Amino acid sequence: VGGVTAHSLFGLPLGLIRQRDIRINPRKAEVLKKLETLIIDEVSMMRADVLDGIDASLRLHRGDTRPFGGVQLILFGDPFQLPPVVADDGLRDYFSHHYSSEYFFSAKALEQQQLHRIELTKIYRQVGDPGFLESLNRIRVGSATFDDWVSINDRYGTYSDEELDGALTLTTTNKAAAAINGGKLERLSLPEASFAAKIDGDFSEDALPVDKTLRVRPGAQIIMLRNNGTNWVNGSIGKVKSWSDEGICVRIDRSDYVVEQHTWAKVDYEYDREKGAIVEVIKGSVKQFPMRLAWALTIHKSQGQTLERVAIDMGTGAFAHGQLYVALSRCKTRGGVYLKKPVDQMSMLVDPRICKFMGVSDSVPSPGNRDFQYETLPAAKFAETTGNNRSGATIDVVKGGLQERVDAAMREGTAVRIRYRDYAGSETTRSVSPTNWIDSDRFSAFCHLRSGDREFRVSRILEVDASASE
């Protein structure tokens, strides 16, 4: 389809974007003046300030004070999937004071606009497993039942190492995925080959769709990054057999194919006065084999993939809304899912602000509601419930009481001690003095660890001890 990043087209700075950061871009002025329709893909991962920056840039370049300078806006994406990245406390504090949320739908430019929402309802990936599909739909919107949770966790510990051969492991972090891929590659005793990508023109390394250096050995598990029309698709899993001047020979679904290098182009848009039209201009290119090592991949990079078999390793648990749903929904069937660790209910994170925007009721008890906290269900009890024996496993379940403890601390002006999982997945124990509720999942509090006001999410609290008041 082609396209460019929003930052490139509109000349937006990296980091937080404010009105004063928007400048006239002489190279893009003509393009933006002639623009009629702007299509933004994966808008669920776009922050509100970025959308406001696009609005300000279009108004400035077009000399038109209407929202987005009068340009028609078409947005694609699923807000229930991975959220925009808000990387540090300073940025989170900014959003808590200037926006109702970090999501695109909280942009100031949309406050007076009526968005016409069209929801695509036909599912193709899990069409062969309607029960799994129904569970996924409930997990997606935060209305998962206890039976859904038990059904998903029944995929933990029910497989052999041989069954995992050929499955792709999904992890929450790049570090975990790199460690798995590097370790698996080193265990292969056969000779290794390295293939360097050929990069021409303007193509930054962080925008590469492939590895800058592809390392393979016979037996290495790889994932294909392009469709070839007949023999494989983007997301097909295979194994390297050999390589030659003609390409890399891989086995996919019991057939061998010689894969040649592919060229990706980085395009930009300019206005052609002679043609009277906006045209694509190639600014750079990268040539590389359309594959990468794929014993493991991050959940983020798996978006858009369809997989037959997937091993999910949530590490210390989900640290972003929609993370578990994205991981599970990559697979066609429940039987193709293998859990490396049990999934706690807190990993079924759903932001109530998304539910409100999407018109979905969050009245069904879920980890996103503040009326619940977590306790541990011993493995024996889990085995009794599911008929699945697992030695040493512990599973988290929800029970009432958290709201009352936080409300009591607010009334009494006291502190509570919480064990908290932050956006990066790190766990800390800290004392906080709650001050007010922001919504059903968030409250403001003075953090004694950081000596300042902070925003906390109930869905990230692992334990709360009201007896440790200050």
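Just so it is clear, the structure is predicted and the values come from calculations on it, not from any experiment. What's counted below: heavy atoms across the whole structure, side chains too, no hydrogens, waters or symmetry copies.
If you take OG on Ser302 and CD1 on Ile312, they are separated by 8.5 Å, rounding to the nearest 0.5 Å. The CD1 atom of Ile74 sits 12.0 Å away from atom NE2 of His116, with the distance rounded to the nearest 0.5 Å. Arg140 contributes atom CZ, which lies 11.0 Å from atom CG of Leu133 (distance to the nearest 0.5 angstrom). With rounding to the nearest 0.5 Å, the separation of CZ in Phe443 from CG in Asn436 is 10.0 Å. To the nearest 0.5 angstrom, Glu102 atom CD is 10.0 Å from Ser96 atom OG. Considering CZ of Phe456 and CD1 of Ile461, their distance stands at 8.0 Å, rounded to 0.5 Å.
The two atoms that bring Leu328 and Val337 nearest to each other are CD2-CG1, 4.0 Å, heavy atoms only. Across all their heavy atoms, Ala296 and Thr171 have their closest contact at CB-CG2, 4.4 Å. Of all non-hydrogen atoms in Pro79 and Met358, the two that sit nearest each other are CG-SD, 3.8 Å. The two atoms that bring Val286 and Ala197 nearest to each other are CG2-CB, 3.8 Å, heavy atoms only. Residues Gly235 and Gln305 come closest through the heavy atom pair CA-OE1, 2.9 Å. Closest non-hydrogen pair, Gln288 versus Asp211, comes out as NE2-O, 3.2 Å.
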For this session: Could you give me the CA-CA distance, side-chain angles and deciding distance for Ile282 and Glu280, then say whether side chain to side chain contact (heavy atoms under 4.5 Å, CB included) is met?
Result: CA-CA 7 Å; Ile282 296 177; Glu280 285 188 358; over 6 Å; no

For this session: Show your working on side chain to side chain contact (heavy atoms under 4.5 Å, CB included) between Arg125 and Arg330 and close with a plain yes or no.
Result: CA-CA 8 Å; Arg125 186 175 288 139; Arg330 298 310 91 198; 3.2 Å; yes

Exercise. So Met314 and Ile299, side chain to side chain contact (heavy atoms under 4.5 Å, CB included) or not? Walk me through it.
Worked result: CA-CA 9 Å; Met314 297 301 295; Ile299 295 170; 3.9 Å; yes

Exercise. For Val350 and Val141, what are the C-alpha separation, side-chain angles and deciding distance, and is it a side chain to side chain contact (heavy atoms under 4.5 Å, CB included)?
Worked result: CA-CA 7 Å; Val350 176; Val141 300; 5.8 Å; no

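In this structure, Ile123 places its CD1 atom where more than 12 heavy-atom neighbours from other residues, nucleotides or ligands lie under 6.0 Å away. For Glu36, the CD atom sits in a loose shell: 12 or fewer heavy atoms of surrounding residues, nucleotides or ligands are nearer than 6.0 Å. Atom CG of Leu115 has more than 12 neighbouring heavy atoms from other residues, nucleotides or ligands inside a 6.0 Å radius. Annotation: His262, atom NE2; neighbour count of heavy atoms from other residues, nucleotides and ligands within 6.0 Å is above 12. Remark: Arg117 CZ is packed, more than 12 non-hydrogen atoms of other residues, nucleotides or ligands lying under 6.0 Å away.
A donor-acceptor pair is defined here as one N or O able to donate and one able to accept, closer than 3.5 Å; such a pair exists between the side chain of Arg334 and the backbone of Ser151. Remark: the backbone N or O of Asp407 is not paired with any side-chain donor or acceptor of Trp437 at under 3.5 angstrom. Of the possible polar contacts, one joining the Gln221 side chain to the Ala294 backbone as a donor-acceptor pair under 3.5 Å is found. At least one donor-acceptor pair under 3.5 Å links the side chain of Gln126 to the backbone N or O of Ser329. The backbone N or O of Leu449 sits nowhere less than 3.5 Å from a side-chain atom of Arg430 that would complete a donor-acceptor pair. Between the Asp272 side chain and the Ala277 main chain, no donor and acceptor come within less than 3.5 Å of each other. In terms of modelled atom types and a separation under 3.5 Å, the side chain of His61 and the main chain of Leu32 share no donor-acceptor contact. Formation of a donor-acceptor pair under 3.5 Å by the Ser57 side chain with backbone atoms of Ile54 is not found in this model. Side chain of Gln19 to main chain of Ala56: no donor-acceptor pair is present (N/O by atom type, distance under 3.5 Å, no hydrogens or angles). No donor-acceptor distance shorter than 3.5 angstrom exists from the side chain of Arg292 to the backbone of Leu297, with no hydrogens or angles considered.
Between Thr306 and Val233, the closest side-chain pair of non-hydrogen atoms is not below 4.5 Å. Side chains of Val210 and Pro290 form no contact here, defined as non-hydrogen atoms less than 4.5 Å apart. Put simply, the side chain of Asn174 reaches to within 4.5 Å of the side chain of Lys301, judged on heavy atoms. Between Asp129 and Lys332, every side-chain heavy-atom pair lies at or beyond the 4.5 Å cut-off. Inter-residue side-chain proximity for His98 and Arg18 is flagged as unmet; no heavy-atom pair is nearer than 4.5 Å. Looking only at side-chain heavy atoms (C-beta outward), Ile237 and Glu308 stay at 4.5 Å or farther from each other. Between Ser444 and Asp453, every side-chain heavy-atom pair lies at or beyond the 4.5 Å cut-off. At least one side-chain heavy atom of Arg27 sits under 4.5 Å from a side-chain heavy atom of Asp268.
The existence of a salt bridge linking Asp55 and Arg59 is confirmed by a sub-4.0 Å separation between a basic side-chain nitrogen and an acidic carboxylate oxygen. Ion pairing of Asp52 with Lys108 is absent here, as no side-chain N (NZ or NE/NH1/NH2) approaches a carboxylate O to less than 4.0 Å. Of the charged side-chain nitrogens involved, at least one lies within less than 4.0 Å of a carboxylate oxygen, so that Glu205 and Lys212 count as a salt-bridged pair.
Ring planes of Tyr99 and Phe95: tilted class, angle from 30 to 60°.
Using modelled atom types, one finds no donor on one side chain facing an acceptor on the other under 3.5 Å when comparing Tyr94 with Asp49. Side chains of Thr145 and Asp148: a donor-acceptor N/O pair is present below 3.5 angstrom, by distance only. No hydrogens or angles considered: a donor-acceptor pair under 3.5 Å links the side chains of Ser106 and Ser100.
For Phe80 and Tyr325, the ring centers sit 6.0 Å or farther from each other.
A cation-pi arrangement is present between Arg155 and Tyr338, with the terminal nitrogen or guanidinium carbon under 6.0 Å from the aromatic centre and inside a 45° cone about the axis.
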